[in-house]
Chemist: 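The following block contains the structure, expressed as structure tokens.
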Amino acid sequence: MVSAEAVYFYIYAIILVVSAIGVVFSPRMFFAFCAFFCTLLFSSCLYGLLDAGFMAVFQFLLCGLFLCIMLILLLRKITIWTLPLKIASRFRVALSAVVLFIFGILAYLYVNFEFGGSIGDFFGFLNEKSVDTVDFSGFSFSIHLMIIITMVMCVMLRNIYLTKNNTEDTDD
Amino acid sequence: MTESVFEVGLLHYLLLALILFIIGMTGAVVSRNMVRIVMSLLIVSISIVINFLSFGCFCNDSLKYTNIMCILITVMTVLQVTGAFALFLKVYHANEYLDVEKIKDKEN
């Protein structure tokens, strides 16, 4: 029997992922803004599933309303509603994809190692211990350390990119 | 197999947070528009909050004050983004564009 929580989780997760992709790759700034608002709205709904109703309301008020109004004012002032999508050159996009793919594999291997799933079955770790309770100190701090290290790595990568000669940029 | 897929647990949320984190980081690295970079970083912060909340929800009494920590993260993010928007306005008035690479070229 499928629980209502699972249905809500999958609906919110799919909307969140699609709207996050929309923020990054939407062709116009207006669509990116709409996708951004959807991300904030449905992440608040997801927080509600995690027994964090107060946090959900707080984020929706602070980010969904306050921040989006700020963003609307900014976009009106600088009149870039119809600004087309500009991304870096194909080489940079490919290199970033490779770096992020390697990070994904490392994160998967880390989770797989900690939860003892099989490497052959990509979603094996989901089936085995997804409902178990785990000790916070064993996982959370190391995961967040990884997040911080990755953010620093991305900032460094960006700086390395920008200090190079960027004559190969394309305006898509 | 089917039952375990439809029993939502900690790792489902962690996987979702990981996907959002990768998308946000991709946007932060690949985009050239400053506003879009900040939006991508906000997606990263949302993924971190989902991480914290899922640990707080599924771990027994190991993180009692998750909400307070997440509120702190959200408030800090919003303050930084608000400051960034004010700076963007200044940069736009000075340069007439918000393209990080053009601005870097201009500095060089």
Side-chain angles (χ1 to χ4, degrees), chain A residues 2-3 5-6 9 13 16-17 20-21 23-24 29 32 36 39 43 46-47 50-52 54-55 58-59 62-63 66-67 70-71 74 77-78 80 83 86-88 92-93 96 100 104 107 111 125-127 129-131 133-137 139-140 143-144 147 150 154 157-158 162 166 169, chain B residues 1 4-16 18-33 35-36 39-40 42-44 46 48-51 53-55 57-60 62-63 66-67 70-71 74-75 78 81-82 85 88-89 92 98-101 104-105:
Chain A
V2 181
S3 64
E5 188 194 353
F9 170 77
L16 263 178
V17 171
I21 291 172
V23 170
V24 178
M29 186 53 84
F36 180 64
T39 309
S43 62
L46 195 74
Y47 297 164
L50 288 166
D51 299 330
F54 181 74
M55 178 64 203
F58 184 78
Q59 168 163 315
L62 195 64
C63 292
F66 172 74
L67 199 62
M70 286 278 299
L71 195 55
L74 175 78
K77 280 210 172 200
I78 60 181
I80 55 170
L83 192 74
K86 283 185 180 178
I87 57 175
R92 291 182 199 181
V93 174
S96 306
L100 288 167
V111 173
F125 66 93
L126 278 178
N127 302 330
K129 292 203 173 182
S130 60
V131 291
T133 55
V134 291
D135 182 26
F136 174 75
S137 58
F139 298 100
S140 183
I143 283 180
H144 288 95
I147 289 172
T150 313
C154 285
L157 272 176
R158 221 189 147 87
L162 290 177
N166 45 22
D169 289 349
Chain B
M1 172 74 183
S4 56
V5 168
F6 285 106
E7 276 180 20
V8 178
L10 172 64
L11 281 173
H12 288 76
Y13 286 98
L14 290 186
L15 198 66
L16 174 66
L18 178 68
I19 292 169
L20 285 178
F21 183 81
I22 289 176
I23 292 169
M25 270 300 155
T26 309
V29 172
V30 161
S31 301
R32 286 170 55 178
N33 186 344
V35 180
R36 210 183 280 262
M39 284 179 179
S40 305
L42 268 170
I43 292 173
V44 172
I46 287 172
I48 291 169
V49 170
I50 290 174
N51 243 340
L53 285 179
S54 54
F55 275 115
C57 183
F58 287 97
C59 300
N60 289 336
S62 53
L63 191 61
T66 322
N67 274 344
C70 292
I71 287 169
T74 309
V75 169
V78 169
V81 168
T82 310
F85 284 166
F88 292 168
L89 204 57
Y92 183 78
L98 286 176
D99 190 325
V100 279
E101 296 183 4
K104 193 77 182 175
D105 283 345

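Note on naming: letters A, B, ... go to the chains in the order of the sequence lines (proteins, then strands), and numbering restarts at 1 for each one. Only a predicted model underlies this, so the values are computations on that prediction, with no experimental measurement involved.
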Chemist: By side chain to side chain contact (heavy atoms under 4.5 Å, CB included), which residues pair with A/Leu50, not counting sequence neighbours?
Modeler: B/Tyr13, B/Leu53, B/Ser54, B/Cys57, B/Phe58

Chemist: Is B/Ile23 in contact with chain A via its backbone, its side chain, both, or neither, using a 4.5 Å heavy-atom distance?
Modeler: both

Chemist: Going by ring pair (Phe, Tyr, Trp, His ring centres under 6.0 Å), name the residues that satisfy it together with A/Phe36, two or more places apart in sequence or in a different chain.
Modeler: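 Partners of A/Phe36 by the ring pair (Phe, Tyr, Trp, His ring centres under 6.0 Å) criterion come out as none, since no residue qualifies.
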
Chemist: Kindly give the heavy-atom pair with the smallest separation between B/Leu16 and A/Ala13, and that separation in Å.
Modeler: CD1-CB, 3.7 Å

Chemist: Do you know the tightest heavy-atom contact between A/Val23 and B/Met39?
Modeler: CG1-CB, 3.6 Å

Chemist: How close do B/Arg36 and A/Val24 get, counting heavy atoms only, and between which atoms?
Modeler: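 The answer is NH1-O, 3.4 Å.
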
Chemist: Between atom OG1 of A/Thr39 and atom CD1 of B/Ile46, what is the distance when rounded to the nearest 0.5 Å?
Modeler: 6.0 Å

Chemist: Under the side chain to side chain contact (heavy atoms under 4.5 Å, CB included) criterion, do A/Leu67 and B/Leu42 qualify, and how do the steps go?
Modeler: CA-CA 11 Å; A/Leu67 199 62; B/Leu42 268 170; 3.4 Å; yes

